[in-house]
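Heavy atoms only: backbone and side chains are in, while hydrogens, waters and symmetry mates are out.
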Amino acid sequence: MNKKLIPTVLAAALLASGCSLIPSLDKPASPVAAQYPVATEETQQAAADIPWQNFFTDTRLQQLIQTALDNNRDLRVAVLNIAQARALYQIQDAQRFPEVGVSGAASRQRSQITGGYANAFSVGVGIQSWEIDFFGRISSLKEQALAQYLATEEGRKSAQISLVASVANAWLTLQADEELIDISRRTLETREESIKLSKLRLDAGVASELDYRQAQSLTENAKATLAQQLRQRALDVNALTLLLGQTPPAELLTSLQGKRLTDLPVMADVPAGLPSDLMLRRPDLRQAEQTMIAANANIGAARALFYPAISLTASAGFASSELSDLFDSKSKGFTIAPSLYLPIFNAGRNQANLEVAQVQTQIAAAQYEKAIQTAFREVSDALVSRQTLSDQLQSQQAQVEAESARLKLSDLRYKNGVASYLDLLDAQRSLFTLQQAVVQVRLTQLQNQVGLYKALGGGWTDPAPADTVAQAAPTAGKP
């Protein structure tokens, strides 16, 4: 046999491989309406193309988000998962090619007939049981690994979106905490003055002890509320610390003191566009799609198990009974040994593997549809909330103004002996509750803006480098 036969056989085997048994994948139709329940304006730039630095205009918040992107452990794990998935894909891709290695052997055996010893020495280059991918089993597994790698990359983007939104919400919550604490402190000061006045009126015999005890009760209530809010602020700082992966800079936390939510820089507005944009722009939807592609590729690998498995073992080198003659030209030789295995009976294992792969594809398709429905709901909820929260905040602010006027009138009427102290206390209690409610509604409104940006897939892009903005203006902000 010609010594050029081995490379010829290898080349033929590589050309023969490539048959694929992966079924065509028909993506499910979008299981949501073509429009959101709340009408939205058209936009030329999707929210996912707006870098978070352009959406969050507060430089302090930008600093915190960047710190979280650099130090958050969950995001670090997501990045490492990408490296792992890439390596697994490379491992699977390498299975398509033969593994070539150097081998050497030496043996000494005694003959049972002559009683003498026989030596055998060999060295060469060879291939050990290389599976020729005639029916696409290995290529199907490679496609599966590739889809899983791409899904992991999309998962990292989705993790970054969640992290950016979480840091922003934590920052807004801390500002709301400061505002609530300021309201409670001012209320407590007012009530402490009120209880002093009630004590003087009680000692002078002008007021009853009931008035004094009611004032005392409201004062203690304000103290309890303040203690609760101080505790909540400490807990929110701890939550932000976990997101950042390190302690927040003290100067940033100090900058919130004495400020209100209305003092924060305004976030950029993001038009919602159409539901079809979500499937192109949201990383979690693309992740679900790649997971479905991976499951579908696994069907091809399961189908290939029903066909013969063809392997090839080959080697070329030197073999001799004497070590001194091992590399002599007469000691040259080669071997080639193809093998074929066709399963006849395995108790239904291959059929079960195929059924598992098919069911997994159906599960992945259902999860893909569910991801689309979830994304549609998140955007719809944010749009509905954006529309109603503004009206709610406006009404509650007007109610606070009315209660403030009521408190002044109640205080005047009480001092003139026209109204009871109970009316004054009720007005104080009602105003305190409404002031806190306004802060909560304003916080919800701001967090809803963050939620809409997140729901539309914003938060994972980075702005284009300064030196390339002019050249790449049409695609600025895109990966």
Side-chain angles (χ1 to χ4, degrees), residues 27 30-58 61-62 65-66 68-69 75 78 150-151 153-172 243 264-290 367-390 443-464 474-479:
K27 289 198 299 183
S30 178
V32 296
Q35 298 286 343
Y36 295 113
V38 177
T40 61
E41 61 273 25
E42 296 293 334
T43 175
Q44 294 182 351
Q45 186 178 28
D49 292 333
I50 301 176
W52 57 264
Q53 294 92 336
N54 294 352
F55 179 76
F56 300 107
T57 57
D58 190 341
L61 178 55
Q62 291 176 356
I65 291 176
Q66 188 59 59
L69 294 178
L75 187 61
L150 296 176
E153 169 63 26
E154 298 298 339
R156 195 278 306 169
K157 296 175 183 177
S158 183
Q160 177 172 326
I161 288 176
S162 296
L163 177 61
V164 169
S166 296
V167 173
N169 285 331
W171 175 252
L172 294 173
L243 291 172
L264 295 176
V266 179
M267 289 178 280
D269 187 30
V270 284
L274 299 174
S276 57
D277 298 334
L278 290 178
M279 290 176 283
L280 300 176
R281 309 306 303 165
R282 275 191 47 149
D284 60 330
L285 298 188
R286 296 202 299 267
Q287 180 183 14
E289 180 182 359
Q290 290 297 332
Q367 291 173 334
Y368 175 63
E369 293 177 325
K370 178 63 180 298
I372 295 175
Q373 292 174 337
T374 301
F376 182 85
R377 179 194 171 180
E378 289 176 353
V379 177
S380 299
D381 288 349
L383 292 175
V384 170
S385 298
R386 181 173 67 175
Q387 187 178 45
T388 57
L389 281 170
S390 179
L443 172 62
T444 303
Q445 185 183 42
L446 293 174
Q447 290 183 334
N448 181 71
Q449 289 182 256
V450 177
L452 179 59
Y453 180 60
K454 172 187 175 184
L456 293 172
W460 64 269
T461 55
D462 293 317
T475 58
K478 294 184 179 180

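- Proximity of E153 to Q290: side-chain heavy atoms (C-beta onward) are nowhere separated by under 4.5 Å.
- Taking every heavy atom of both residues into account, F55 and A268 meet most closely at CE1-O, 2.9 Å.
- The CZ atom of F376 sits 7.0 Å away from atom OH of Y36, with the distance rounded to the nearest 0.5 Å.
- With contacts defined as side-chain heavy-atom distances shorter than 4.5 Å, the pair D58/Q62 does not qualify.
- You'll find the side chain of L69 reaches within 4.5 Å of the side chain of V164, heavy atoms only.
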Derivation of the salt bridge (charged side-chain N to carboxylate O under 4.0 Å, His left out) call for D49 and R281: CA-CA 8 Å; D49 292 333; R281 309 306 303 165; 2.2 Å; yes
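- Residues L243 and A68 come closest through the heavy atom pair O-CB, 3.6 Å.
- Under the 3.5 Å distance criterion, the side-chain polar atoms of N448 are matched with a main-chain donor or acceptor of A382.
- From T374, atom OG1 reaches atom CG of D284 across 8.5 Å, with rounding to the nearest 0.5 Å.
- Within the 4.5 Å cutoff, no side-chain heavy atoms of T57 are placed close to those of V266.
- When every heavy atom of L456 is checked against every heavy atom of A47, the shortest pair comes out as CB-CB, 3.5 Å.
- Ring orientation note: the planes of Y453 and F56 are nearly perpendicular, at an angle over 60° on the 30°/60° scale.
- Checking side-chain atoms of Q367 against main-chain N and O of A288 turns up no donor-acceptor pair under 3.5 Å.
- Within the 4.5 Å cutoff, the side chain of W52 has no heavy atoms near those of the K454 side chain.
- Counting heavy atoms from C-beta outward, L75 and R156 have side chains that approach closer than 4.5 Å.
- Here the CD atom belonging to E289 is positioned 8.5 Å from the CD1 atom belonging to I372, to the nearest 0.5 angstrom.
- The backbone N or O of E154 lies less than 3.5 Å from no partner atom in the side chain of S158, so there is not a single donor-acceptor pair.
- Taking all atoms of both residues into account, the shortest heavy-atom contact from P31 to Q373 is CB-NE2, 3.6 Å.
- Atom CG of L172 sits about 9.0 Å away from atom CD of Q449, to the nearest 0.5 Å.
- Two residues are said to be in side-chain contact when any heavy atoms from C-beta on lie closer than 4.5 Å; V167 and W171 fail this criterion.
- Closest approach of R386 and D269 over heavy atoms only: NH1-OD1, 3.4 Å.
- Rounding to the nearest 0.5 Å gives a distance of 9.5 Å between CZ of R377 and NZ of K370.
- Here I65 contributes atom CD1 and Q53 contributes atom CD; the two are 8.0 Å apart, rounded to the nearest 0.5 Å.
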